[in-house]
J.: 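Handing you this structure, nothing more for now.
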2 protein chains.
Amino acid sequence: MSDHPHNWPNSTDAILAALRARGISPTQQRVDIARALLSRPQHLSADQVLALVNADRNSVSKATVYNTLGLFAEHGLIRQVIVDPTRVFYDSNIAPHHHLYQIDDGSLSDISLNSVKLDGLPPLPKGTEIDGIDVIVRVRKTPS
Amino acid sequence: MSDHPHNWPNSTDAILAALRARGISPTQQRVDIARALLSRPQHLSADQVLALVNADRNSVSKATVYNTLGLFAEHGLIRQVIVDPTRVFYDSNIAPHHHLYQIDDGSLSDISLNSVKLDGLPPLPKGTEIDGIDVIVRVRKTPS
DNA sequence: TTGGGTGCAAACTATTTGCATTCGA
DNA sequence: TCGAATGCAAATAGTTTGCACCCAA
């Protein structure tokens, strides 16, 4: 029942399957990018993905990384996380969950839905439907 | 007990008081900017504030608007709302509340805390404290 | 007088876009 | 082959910064 055909696919075959399952035709660059991001639960900015993908040889351009991440997000393969006005994070975990953001070092971690209850949301405006609900707990270092 | 000395101050005196209450020395531009934003509950981007403030005569520069909004937010007079990767919104309502964001037209509205319950947040990482909790309900037009 | 506040323009950063080239079914 | 995907560089947009000027205490 997972939304990921295989969670944290690592093999090329699993990546190909994950892309195809979303109707994304797999090309070399897309597979490289998917592997970098999907192989484990993580939150990466476009720049971090670019660095990862090009760690060894320069195989993917910056524009392609941005465009591809956008494409993946559109197709529900990954999820955008908007917590920092200076950059978008991409989350390889598309199961519903919330986030904890450490302001000081910009790190982002998951809060599982199990524990958290969110009740009593007001009715939505007419003619609209929910696209998503984000809960972001922002924390900072306790001043010593 | 309101966090605003006077909610939605409109008179120059009330604005001066609100600024002073936060330790912000009131200058002409700061008062203009505060009046534009604080006179009612609203969510404005820096650009919108700039336009409002300079509606009649050009009295404030773009840099000053950005710097001043940042200053106000630092001092807790207003609140940043991060929902859209392309721009930061500033909220004149600093009482705790949540947000409903209409993706299609970029409009933002408040969700009062009365109705919404949020329980069971996990313990925070050691040495950190909560800076804020954002709940953002993203809605889109129902496809006809 | 003197340091904070402001204005302006230039700098910066993340992201998008146009277009020619290349790739893959 | 032929449309889709890519790369590159230039364009864009929001925001920040450097620095000279100005004003109030």
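Below, chain A is the first sequence line, B the second, and so on; all start at residue 1. Treat the numbers as computed from the prediction; the structure is a model and nothing was measured.
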J.: Show me the pairs that pass ring pair (Phe, Tyr, Trp, His ring centres under 6.0 Å) and involve residues 121-144 of chain B, at least two apart or across chains.
T.: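 Sorted result for residues 121-144 of chain B: empty, none.
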J.: By the salt bridge (Lys or Arg N to Asp or Glu O under 4.0 Å) test, which pairs, at least two apart or in different chains, include something from residues 58-85 of chain B?
T.: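 Counting only pairs at least two positions apart or across chains, the salt bridge (Lys or Arg N to Asp or Glu O under 4.0 Å) contacts touching residues 58-85 of chain B are B/Arg79-B/Asp134, B/Asp84-B/Arg87.
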J.: Under 3.5 Å, side-chain donor or acceptor atoms of residues 122-129 of chain B against the rest of the protein: list the pairs with distances, not counting sequence neighbours.
T.:
from: B/Thr128; atom 1: OG1; to: B/Pro125; atom 2: O; distance (Å): 2.6
from: B/Glu129; atom 1: OE2; to: A/Arg140; atom 2: NH1; distance (Å): 2.1

J.: Residues from residues 78-86 of chain A sitting under 4.0 Å of DNA chain D, heavy atoms only?
T.: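 Residues of residues 78-86 of chain A under 4.0 Å from DNA chain D: none.
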J.: Suppose the criterion is ring pair (Phe, Tyr, Trp, His ring centres under 6.0 Å): which pairs have a residue in residues 47-78 of chain A, not counting sequence neighbours?
T.: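 Residue pairs with at least one partner in residues 47-78 of chain A: there are none.
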J.: Among residues at least two apart in sequence or on other chains, which ones pass side-chain contact (heavy atoms from CB on, under 4.5 Å) with B/Asn114?
T.: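 Checked B/Asn114 against side-chain contact (heavy atoms from CB on, under 4.5 Å); matches are B/Ser112.
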J.: List the protein contact pattern of nucleotides 2-9 of chain C with one symbol per nucleotide (5' to 3'): B for base contact, S for sugar-phosphate-only contact, - for none; contact means a heavy-atom distance under 4.0 Å.
T.: ---SSBBB
J.: Rounded off to whole Å, could you give me the NZ-to-P distance for the A/Lys62 and C/dG18 pair?
T.: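 Between P of C/dG18 and NZ of A/Lys62: 19 Å.
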J.: Once side-chain contact (heavy atoms from CB on, under 4.5 Å) is applied, do any residues pair with B/Ser59, and if so which ones, sequence neighbours excluded?
T.: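 With neighbours one apart ignored, the set is B/Asp32, B/Val53, B/Asn54, B/Arg57.
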J.: In whole Å, what is the span from the CG atom of A/Leu71 to the C1' atom of C/dT16?
T.: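 About 15 Å, once rounded to whole Å.
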J.: Calculate the interatomic distance between A/Tyr66 atom OH and C/dT13 atom P; express it in whole Å.
T.: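 Rounded to the whole Å, the gap is 12 Å.
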J.: Using the heavy-atom set of chain B and a strict 4.0 Å cut-off, write down the first and last nucleotide of DNA chain D that makes it in, 5' to 3'.
T.: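 That gives a stretch of D/dG14 to D/dT17.
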J.: Checking B/His98 now: which residues fulfil ring-ring contact (aromatic ring centres under 6.0 Å, His included) with it, not counting sequence neighbours?
T.: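 B/His98 satisfies ring-ring contact (aromatic ring centres under 6.0 Å, His included) with no residue once adjacent residues are dropped.
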J.: With sequence neighbours excluded, what pairs up with A/His97 under the ring-ring contact (aromatic ring centres under 6.0 Å, His included) test?
T.: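 If we apply the ring-ring contact (aromatic ring centres under 6.0 Å, His included) test to A/His97, skipping adjacent residues, the hits are A/His99.
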J.: B/Ala51: which residues meet the side-chain contact (heavy atoms from CB on, under 4.5 Å) condition with it, sequence neighbours left out?
T.: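 Expected list: none.
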